[in-house]
Amino acid sequence: MTKMALDNDAINLSQGYPDFDVPAELVERLTFHMAQGRNQYPPMQGVEALRQAIAGKVRACYGASLDHDAEITITSGATEALFVAVQAVVHPGDEVIVLDPAYDSYEPAITMAGGKTIHVPLSGEDFSVDWDRVSAAITNRTRAIMLNSPHNPTGAVLEPADLDVLAELVAKHGLYVISDEVYEHMVFDDKPHLSMVGHPDLRERSFVVSSFGKTYHATGWKVGYAIAPPALTVEFRKVHQFVTFTTHTPTQWALADYLAAHPEHHEGLPAFYQAKRDLFLDAIEGIGFDTTPSRGTYFQLANYASLSSEPDTEFVRRLTTEIGVAAIPISVFYESPPEARFVRFCFAKSDETLLEAADRLKRGLA
């Protein structure tokens with residue numbers, strides 16, 4: 001979709017990256033550490049100052065005390081962390097439950113580990129977890145469940161009751177949880193993010209994955225991290241050392257400085273992105289999309305059933321080539337796509353970009 005957007009001079013609300021700048025001080029700290037000569041291999045598990053800063057953030061956000069040496073590993077992006085977590089615990093013949101619609105890196109990682117992906121669809125217009133269906137999908141071969149909250153592409157978030165039910169299933173069946181929490185600082189309407197690391201029963205069976213790229217508008221820096229209890233971290237690092245071994249050194253130092261000095265950045269992200277969500281929803285009102293405000297992430301789903309009967313892949317192609325706005329079809333996130341017609345817009349864009357996109361949609365569709 002990004003290539004199609006470029007080829008057609010379309011506004012790219014498809015791929016999930018900002019069109020605004022990384023914080024200036026963070027860039028300055030990167031330059032500083034490069035000039036200071038921090039350009040050689042860091043420790044395999046990551047720069048200690050950054051792991052300490054992450055432990056401090058987790059304590060402040062979720063009330064969990066971590067051993068930064070034994071429980072935190074820096075990775076070359078969250079995608080690497082998700083892949084490594086799967087390889088660490090999934091064996092040939094194991095089954096892993098994935099909730100559809102699902103981010104597209106999950107199943108390939110499971111397949112490469114020799115596992116089998118068991119797809120369980122989310123339910124209804126709110127894309128909630130149907131725990132009865134999840135429970136029914138568990139067999140004696142089920143090794144893990146992969147979760148994503150806030151959820152890409154739907155914007156759904158887990159509730160406290162979800163974590164309690166999950167904890168019961170984990171304890172009953174001896175499951176592991178691989179929790180994709182890269183949008184942890186983008187939960188809206190005064191709701192908290194519920195991390196597995198903050199739930200005592202789930203923490204001991206979970207890999208929690210997050211992303212500095214999402215938090216600091218620096219997706220191209222590809223720095224993420226994984227939190228897991230010591231025994232799981234040992235297994236995680238056995239794989240990590242032969243995948244990327246380590247991650248760009250001066251970037252880690254820069255992130256350590258900025259995270260420690262500016263917690264107000266991640267603390268302010270919910271309001272920052274909620275304002276963009278609301279701006280975009282107001283701007284596309286009246287076009288004919290049926291929308292429920294996203295509860296998290298920087299993505300907004302829009303049901304276009306009243307505008308077109310086209311399959312979502314054809315609808316987004318027309319949006320891009322004829323109207324000049326690129327979006328993502330939701331069917332590509334499913335094993336078996338439902339009948340509902342949804343597309344995903346990314347609102348991690350400047351206000352000017354969002355308003356121009358809405359204007360193009362109005363002129364082309366309304």
Side-chain angles (χ1 to χ4, degrees), residues 13-14 16 97-104 106 118-137 145-166 180-181 183 186-194 270 273-274 276-316 319 325 327-348 354 357-358 361 365-366:
L13 302 189
S14 60
I97 293 174
V98 167
L99 304 178
D100 281 0
Y103 184 61
D104 59 5
Y106 300 166
I118 305 300
H119 294 268
V120 176
L122 296 171
S123 297
E125 291 291 317
D126 62 349
F127 296 94
S128 58
V129 182
D130 184 335
W131 291 108
D132 290 335
R133 292 189 71 170
V134 171
S135 181
I145 179 169
M146 297 192 74
L147 294 172
N148 176 207
S149 179
H151 185 263
N152 174 20
T154 70
V157 299
L158 294 175
E159 299 288 348
D162 292 311
L163 269 61
D164 291 339
V165 175
L166 174 62
D180 179 352
E181 302 183 18
Y183 301 101
M186 301 168 202
V187 181
F188 309 135
D189 305 309
D190 297 320
K191 297 287 188 179
H193 170 60
L194 301 178
Y273 275 117
Q274 182 174 331
K276 290 188 175 296
R277 178 200 71 177
D278 294 346
L279 175 77
F280 182 65
L281 286 174
D282 287 345
I284 64 172
E285 188 175 1
I287 294 175
F289 290 113
D290 183 11
T291 59
T292 299
S294 173
R295 297 170 64 198
T297 75
Y298 46 49
F299 299 117
Q300 175 64 52
L301 286 192
N303 187 314
Y304 66 91
S306 66
L307 294 168
S308 172
S309 60
E310 297 165 279
D312 59 358
T313 51
E314 294 306 312
F315 184 68
V316 297
L319 285 186
V325 178
I328 289 287
I330 296 305
S331 63
V332 300
F333 293 88
Y334 281 92
E335 179 187 47
S336 300
E339 292 295 324
R341 294 184 172 87
F342 284 99
V343 294
R344 188 197 77 182
F345 293 106
C346 174
F347 55 82
L354 294 173
L361 291 169
L365 292 173

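What you see below is based on every heavy atom in this structure, not just the backbone, and it leaves out hydrogens, waters and symmetry mates. Note that the structure is a prediction, hence the values are computed from the model and not measured.
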query = Stepwise, does the side chain to side chain contact (heavy atoms under 4.5 Å, CB included) test hold for L99 with V134?
reply = CA-CA 9 Å; L99 304 178; V134 171; 4.0 Å; yes
When rounded to the nearest 0.5 angstrom, what distance separates [atom1] in [X] from [atom2] in [Y]?
X    : Y    : atom1 : atom2 : result
N303 : T292 : CG    : OG1   : 9.0 Å
C346 : I328 : SG    : CD1   : 9.5 Å
F280 : S294 : CZ    : OG    : 11.5 Å
I118 : I145 : CD1   : CD1   : 11.5 Å
D278 : F188 : CG    : CZ    : 9.0 Å

Where is the tightest heavy-atom contact between [X] and [Y], given as atom of each residue plus distance?
X    : Y    : answer
E310 : R341 : O-NE, 3.4 Å
A358 : I284 : CB-CG2, 3.9 Å
F299 : P153 : CB-O, 4.1 Å
F127 : L122 : O-CD1, 3.6 Å
Y304 : P311 : OH-C, 3.2 Å
A156 : D126 : CB-O, 3.7 Å

Under a 4.5 Å cut-off applied to non-hydrogen side-chain atoms, are [X] and [Y] in contact?
X    : Y    : value
F345 : V325 : yes
I330 : P337 : no
W131 : D162 : yes
V157 : L194 : no
P121 : E335 : no
F333 : T154 : no
V120 : V129 : no
L319 : L365 : yes

Worksheet item: Can you tell which of S149, P192, P150, P270 makes a side-chain contact (heavy atoms from CB on, under 4.5 Å) with V187?
Response: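 For V187, the side-chain contact (heavy atoms from CB on, under 4.5 Å) check succeeds only for P150.
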Mind checking what makes side chain to side chain donor-acceptor pair (under 3.5 Å) contact with D189, not counting sequence neighbours?
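If we apply the side chain to side chain donor-acceptor pair (under 3.5 Å) test to D189, skipping adjacent residues, the hits are Q274, R277.
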Under the rule for side chain to side chain donor-acceptor pair (under 3.5 Å), what residues qualify as partners of Q300, not counting sequence neighbours?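 Here no residue qualifies.
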* Asked: Could you walk me through whether N152 and T297 pass the side chain to side chain donor-acceptor pair (under 3.5 Å) check?
  -> CA-CA 7 Å; N152 174 20; T297 75; over 6 Å; no
Check your understanding: T313 and S331: side chain to side chain contact (heavy atoms under 4.5 Å, CB included), yes or no, with the steps?
Key -> CA-CA 8 Å; T313 51; S331 63; 4.0 Å; yes
Q. Any idea how Y273 and Y298 line up, ring-wise: parallel (<30°), tilted (30 to 60°), or perpendicular (>60°)?
A.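 Taking Y298 first and then Y273, their aromatic rings sit tilted (interplane angle of 30° to 60°).
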Between the main-chain N or O of [Y] and the side-chain N or O of [X], is there a donor-acceptor pair closer than 3.5 Å?
X    : Y    : result
H151 : L158 : no
N148 : D180 : yes
D100 : H119 : no

* Asked: With R295, which residues qualify under salt bridge (charged side-chain N to carboxylate O under 4.0 Å, His left out), at least two apart?
  ->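 If we apply the salt bridge (charged side-chain N to carboxylate O under 4.0 Å, His left out) test to R295, skipping adjacent residues, the hits are E159.
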